[in-house]
Amino acid sequence: MVRSERPDRYDVKAVEKRWQIEWERQDLYSVGSVDERPKFYCLEQFPYPSGHLHMGHVRVYTLGDIIARYRRMSGHRVLHPMGWDAFGLPAENAAIKSGVSPRISTLANIAYMKTQMRQMGLSFDWSHEVTTSEPEYYRYTQELFLLFYERGLAYQKAGAVNWCPSCETVLANEQVEEGLCWRCEAKVVKRDLTQWYFRITDYAQRLLEDLEGLDWPQEIVTQQRNWIGRSVGAEVRFAVPLIDDVISVFSTRPDTLYGATYVVLAPEHPLVERLVEGRKEEEAVKNFVAEERVVSDIERTAENTDKRGIFTGAYAEHPLTGAMIPIWVGNYVLSDYGTGAVMGVPAHDHRDYRFAQKYDLPMRRVVAADHADQPSDEAYTGGGILMESDRFNGMDSDQAKSEIAALLAQKNRGGPRITYRMRDWLISRQRFWGAPIPIVHCSECGTVPVPLAQLPVLLPDHAKFTGRGQSPLAQLADWVETTCPQCGHRARRETDTMDTFVDSSWYYYRYTSPSSTSPFDPKQAAYWMAVDEYVGGKEHAVLHLLYSRFFTKVLYDAGLVSVVEPFRRLLSQGMVVYRGKKMSKSKGNTLSPESIMAEWGSDATRVFILFAAPPEKDFEWSEQGVEGAYRFLQRVYRLAQRSVRMTVASGGADDLMARVRARTVHKVTDDLERRSFNTAVSALMEYTNSLYQNWEEMSTEGRRAGLETLVVLLAPFAPHLADELWHDFGHEQSVHLAVWPNYDAVLLVDPEVEVAVQINGKVRFKVVVPAELNADGLAARVLAEDRLRDHLNGRSVAKVIAIPGRLVNVVVR
RNA sequence: GCCGGGAUGGCGGAAUCGGCAGACGCAGAGGACUUAAAAUCCUCCAAUAGGGAACUAUUGUGCGGGUUCAAAUCCCGCUCCCGGCACCA
């Protein structure tokens, strides 16, 4: 035992240090070799190596660690790895400022954060560590890119994309939050660029359907569902004789087709130019398009933005009535949703109504509300009975939707169709510190994938970070210039790197076999996947979590993995709040994990984090709170010290304490299973209190059994102190190799129970009765009570409800 | 606007399947120990009213209704807070 100056306290720093060294010496948390035990894959989102852990990290890793430790003790073979999401902008920006190469600063940051994690006493198996920015990792990120390319899931496309002027790179749709860059909060603008995409939309339906079977928080599932945004409707094709072409629109309301009085194209729609070419409207329409394209996306898509439009002078043929209706260009139509064109049904759509009002376009009512009053000054968007709709008159909207869609299909003018809100994932970035896209552009052969044998496409080590002009890669002529792998002619390398979310979409596969000479060993992946428990923040609800699901489905289709979903169970932890606000440098309310560990130790910090709030809720840091956790651990320590100088005692409380012990084991186990860590800690506190209270009446054996159970149960929560006390008790092996305690179910039932007696639902008194008493016996026992008569005051008993072990309700009148 | 989550003492929270509301901790009050303080150990701690006290009664889980012998929990109607999406046709 490491002794401190004070006999009534243990020296937290010395104890924690000692066991950290000892665990490492023994390689205690190594996965070990395959045996009979069931596997358990416990994963926490790996950090970006910014240089220091923050309190959010401390919380996630504490949560993951307690789960890993509990599973290990309860007989699982646990994979609990850690690594680094090490590509990204901050390192590159630092290089621009200070000239230090991103790789050097990243590796230094990793080294430091690793020591912080060791100080936290986290039970990682470091032999599975991965670093996404090292060639031995990104080589396989590139290999997976090529797999996607081969399967037609990686492609280049020109178009208006989100551009962050501050990061000087493009962003995926998921990475734009309310018009701002997710990372730096700069205003995102549109740029026309040719970029690389992953065809995630091909998987939209499966990504939606498979949400069903996941043990994930409702909140996250809902967010993903909304993000995918499935809409059922119909495609409607309007012929345009003028250019001998067809305008295709998507509508969720084919039942209102007879009410369509015009068609609107997005300004970016490919047909706009041809429609007006060489005609008197050409100049005005082109000016309109040019103006609208300058307007930012946020402004364009804000609901209160004025609807603006211009008539093209051209007409389209209504597919069912044959009427010629005007074709407009309008700012309220999005180019990248549906077909980039809509049919205008002003009587039954708010937006069309406002547009039609402004430009004085005709309205046709074709749906009569079947119950409610129809508003006369706005669109009626509900369902009802069709009118003015030819042979569909009198039909209800729901039926008309499918019948009109069927008719369109029959006439080859469209048909039923499903559209998703989600867009393809833009993965190219005009930055240096990422995995280079393994593509060569050859003037003869075009776009050529780099052959597997030539991977990795290494990041050059002589790049200059000026912060000006193109990406550092594009400025390195000797890196860019290469030869075509197919024809040997001179060619240019692709200078874009991949979005760092690509790196993190598959790291949990790499963990299973970190030195595999393929992205991962399919046998290891088959053994370990899916992840049994994934702990992370809510901020990745539709980013990392969606991308990872997509990757898994592609890998499944390629026959490389046997699961269709990567994360079976998800624990989405809340924020760490300090002084009422989310911690941030700008608010000046940050807390450094270093100083907290130094002051209270990591055991107390862990216990407090787990105790103060359920994991999914926000958690408020409090000095007094952590002190309470610290006091609790010292109290356990002092109790354990008593065992060395035991006084002779009766053992009168042994039976009672055996039951308390069984109850505690049951409670803590159940709470850990359902991730109710705060109540598990509270059960340990109650148990400790109970040991204090009954100590004098316990026998030597009773005390010892009671203490050992306490220490084993405490092991996942306060691993250092638990191991210290365990060894004090004379055990040679670490407490973390101990078996999770069992209990005799018989002991959970007390021989006598206290039952509340209610009169008309109000508790009046309590009786102690034998536990095995059945409902009738209980009722009879209570009716014979003198105290009941006192409360009746002459009223008569109408009914007695007796629930054994709980209460008796006597209904009187 | 749509979708999701939530509201329980002075505070964080508990009540797992409709069955004793407030476990556990923090803060607070008191006692023991001490020359004293800290630390520790023990006790009390929802509100209101009566009483010296034990105790007793009433009220009480955001608000208003309902179902039930019994509601923090289920149903209907609201209020407020947090999060996500939002001109997505």
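In the text below, chain A, chain B and the rest are named by the order of the sequence lines, each starting its count at 1. Given the structure is predicted, the values throughout are model-derived calculations rather than measurements.
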inquiry  = For Trp328(A) and Phe355(A), I'd like to know if the aromatic rings sit close, meaning centre-to-centre distance below 6.0 Å.
reply    = yes
request  = Using a cut-off of strictly less than 4.0 Å, decide whether Lys538(A) has a side-chain nitrogen or oxygen near OP1 or OP2 of G84(B).
outcome  = no
query = How far, in whole Å, is C69(B) from A54(B) if one measures between their P atoms?
reply = 37 Å
query = Arg606(A) CZ to G25(B) C1': how many Å, rounded?
reply = 19 Å
ask   = How far, in whole Å, is C74(B) from C17(B) if one measures between their P atoms?
value = 10 Å
message = Please classify the nucleic acid contact of Gln624(A) as base, sugar-phosphate, or nothing, using heavy-atom distances under 4.0 Å.
response = sugar-phosphate
message = With a 4.5 Å cut-off on side-chain heavy atoms, are Tyr337(A) and Phe250(A) touching?
response = yes
task = May I ask you to say what Glu627(A) touches in the nucleic acid, namely base, sugar-phosphate or nothing, with a heavy-atom cut-off under 4.0 Å?
result = nothing
message = Does C55(B) have its OP1 or OP2 closer than 4.0 Å to a side-chain nitrogen or oxygen of Arg764(A)?
response = no
inquiry  = It should be established whether Arg631(A) places a side-chain nitrogen or oxygen under 4.0 Å from OP1 or OP2 of nucleotide C41(B).
reply    = no
request  = Check every atom of C87(B), A39(B), G4(B) against the side chain of Gln218(A) and return the nucleotide holding the closest atom.
outcome  = G4(B)
note = Between CG of Leu334(A) and P of A86(B) the distance, given in whole Å, is 10 Å
query = How about Asn689(A) and Arg635(A): does a side-chain donor come under 3.5 Å of a side-chain acceptor?
reply = yes
ask   = With respect to the phosphate group of C24(B), does any side-chain polar atom (N or O) of Thr679(A) fall under 4.0 Å of OP1 or OP2?
value = no
request  = Tell me which nucleotide among A89(B), C69(B), C41(B) gets nearest to the side chain of Arg635(A).
outcome  = C41(B)
request  = Considering just the side-chain nitrogens and oxygens of Asn689(A), establish if one lies under 4.0 Å of OP1 or OP2 belonging to G25(B).
outcome  = yes
note = Paired to A72(B) by Watson-Crick or G-U wobble criteria (both distances under 3.5 Å) is none
task = Would you indicate what Pro217(A) reaches in the nucleic acid, counting non-hydrogen atoms under 4.0 angstrom: base, sugar-phosphate, or nothing?
result = nothing
ask   = Looking at side-chain heavy atoms only, is the closest gap between Leu543(A) and His540(A) below 4.5 Å?
value = yes
key: Any Arg421(A) side-chain N or O less than 4.0 Å from OP1/OP2 of A89(B)   = no
inquiry  = So if I apply the side-chain contact (heavy atoms from CB on, under 4.5 Å) rule between Val769(A) and each of Glu754(A), Arg781(A), Glu752(A), which one comes out positive?
reply    = Arg781(A)
remark   = Scanning all shown strands, the Watson-Crick or wobble mate of C80(B) with both distances under 3.5 Å is G6(B)
task = Would you mind telling me which of C69(B), A89(B), G84(B) lies closest to the side-chain atoms of Gln223(A)?
result = G84(B)
G84(B) OP1/OP2 closer than 4.0 Å to side-chain N/O of Arg225(A) = no
message = Expressed as a whole number of angstroms, how long is the span from Ile759(A):CD1 to U58(B):P?
response = 11 Å
Base paired to U16(B) (Watson-Crick or G-U; both N/O distances under 3.5 angstrom) = none
request  = Output yes when at least one side-chain N/O atom of Asn678(A) is less than 4.0 Å from OP1 or OP2 of G25(B), else no.
outcome  = no
key: Atom P, compared across U48(B) and G9(B): separation rounded to whole Å   = 15 Å
inquiry  = Rounded to whole Å, please give me the gap between CD in Glu686(A) and P in A15(B).
reply    = 12 Å
message = Does a side-chain N or O of Tyr692(A) approach OP1 or OP2 of C42(B) to a distance below 4.0 Å, or not?
response = no
task = Give the ring-plane orientation class for Tyr547(A) versus Trp425(A), where under 30° counts as parallel, over 60° as perpendicular and anything between as tilted.
result = parallel
task = Would you mind telling me which of G13(B), G25(B), A21(B) lies closest to the side-chain atoms of Val763(A)?
result = A21(B)
task = Would you mind classifying the nucleic acid contact of Ser231(A) as base, sugar-phosphate or nothing, using non-hydrogen atoms under 4.0 angstrom?
result = sugar-phosphate
query = Taking OP1 and OP2 of U40(B), is either one under 4.0 Å from a side-chain nitrogen or oxygen of Arg9(A)?
reply = no
ask   = Distance between the C1' atoms of U56(B) and U61(B), in whole angstroms?
value = 24 Å
inquiry  = With a 3.5 Å limit on both atom pairs, tell me what C55(B) is paired to, counting Watson-Crick and G-U wobble, or say none.
reply    = G50(B)
ask   = What does G60(B) pair with, Watson-Crick or G-U, if both distances are under 3.5 Å?
value = none
ask   = Any idea which of C24(B), C20(B), G13(B) is nearest the Lys617(A) side chain?
value = G13(B)
ask   = Counting only Watson-Crick or G-U wobble pairs whose two distances fall under 3.5 Å, which nucleotide matches A39(B)?
value = none
task = Identify the nucleotide, in any strand shown, that forms a Watson-Crick or G-U wobble pair with G1(B), with both distances under 3.5 Å; if there is none, say none.
result = C85(B)
ask   = Taking the side chain of Arg674(A) as heavy atoms from C-beta outward, which of U16(B), G12(B), A89(B) is closest to it?
value = U16(B)
Residue matched to G28(B) through Watson-Crick or wobble contacts both under 3.5 angstrom = C44(B)
inquiry  = Are Asp750(A) and Arg659(A) packed together at the side-chain level, in the sense that at least one heavy-atom pair is separated by less than 4.5 angstrom?
reply    = yes
message = For the aromatic rings, using the six-membered ring if either is Trp, is the centroid distance between Tyr380(A) and Tyr353(A) under 6.0 Å?
response = no
message = How many whole angstroms separate atom CZ of Arg806(A) from atom C1' of U73(B)?
response = 13 Å
query = Where does G9(B) land, syn or anti, once you apply the within-90°-of-0 test for syn?
reply = syn
ask   = For atom P, what is the distance between C42(B) and G25(B), given to the nearest Å?
value = 10 Å
Contact nearer the 5' end of RNA chain B, comparing Arg423(A) with Thr222(A) = Thr222(A)
request  = Answer with yes or no whether Asn809(A) presents, from its side chain, a donor or acceptor under 3.5 Å of a partner atom in the base of C69(B).
outcome  = yes
inquiry  = Using whole Å, what does the distance between atom P of nucleotide C20(B) and atom NZ of Lys766(A) come to?
reply    = 10 Å
key: P gap between U73(B) and C63(B), integer Å   = 11 Å
query = Would you say the side chain of Lys762(A) and the base of U58(B) hold a donor-acceptor pair, judged only by whether the two atoms sit under 3.5 Å apart?
reply = no
query = Which value, in whole Å, describes the distance between the C1' atoms of nucleotides G19(B) and G5(B)?
reply = 27 Å
ask   = Is there a side-chain contact between His318(A) and Leu257(A) (heavy atoms, below 4.5 Å)?
value = yes
ask   = Among U16(B), C41(B), A23(B), which nucleotide sits nearest the side chain of Arg638(A)?
value = C41(B)
key: Interatomic distance, Gln634(A) CD vs G25(B) P [rounded to whole Å]   = 16 Å
key: Salt bridge Lys766(A)-Glu785(A), side-chain N to carboxylate O under 4.0 Å   = no
request  = Specify the glycosidic conformation (syn or anti) of C78(B), with syn defined as within 90° of 0.
outcome  = anti
note = Taken to the nearest whole Å, CG/Asn226(A) to C1'/G5(B) is 13 Å
Interatomic distance at C1', G18(B) relative to A71(B), whole Å = 7 Å
note = Out of A86(B), C20(B), U40(B), minimum distance to the side chain of Ala756(A) belongs to C20(B)
